[in-house]
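Not measured: the values here are computed from a predicted model.
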Amino acid sequence: MTWRQAVLLSCFSAVVLLSMLREGTSVSVGTMQMAGEEASEVENRQKLRVDELRREYYEEQRNEFENFVEEQNDEQEERSREAVEQWRQWHYDGLHPSYLYNRHHT
């Protein structure tokens, strides 16, 4: 073998080794990139789940408050109706039929 052949053979082997290293590095970089993407996907799913739980919690709180307000309004309406009924009974003079007979039925 001449010195030229030895140099060409060593250059060729160096090129082959470098290409193999690049492929290995790109594969390892690709796997690291995939692992990073998977980690970000897991993080995004966790954030979405937390957001969903928070939304459900506030929706439940809002529904409970709406029910509470509705019950309060119903109780106030009942007390008002009872007070009006008592006033009418107290002030009924007996000369005219009571309002119960004068109500329009719908």
With sequence neighbours excluded, what pairs up with Glu82 under the salt bridge (charged side-chain N to carboxylate O under 4.0 Å, His left out) test? none
Residues 56-63 side chain polar contacts: donor-acceptor under 3.5 Å, at least two apart:
unit_1	atom_1	unit_2	atom_2	d
Asn63	ND2	Glu59	O	3.4

Enumerate the residue pairs fulfilling ring pair (Phe, Tyr, Trp, His ring centres under 6.0 Å) with a member in residues 63-88, sequence neighbours excluded, ordered by first and then second residue. Trp87-His91
Under the side chain to side chain donor-acceptor pair (under 3.5 Å) test, which residues partner Gln76, sequence neighbours left out? Arg79
Suppose we screen for side-chain contact (heavy atoms from CB on, under 4.5 Å). Which residues come up paired with Glu77, at least two apart in sequence or across chains? Arg81
Side-chain donor/acceptor pairs under 3.5 Å, residues 35-52, sequence neighbours excluded:
unit_1	atom_1	unit_2	atom_2	d
Ser40	OG	Gly36	O	3.4
Ser40	OG	Glu37	O	2.7
Asn44	ND2	Ser40	O	3.3
Asp51	OD1	Arg54	NH1	3.1

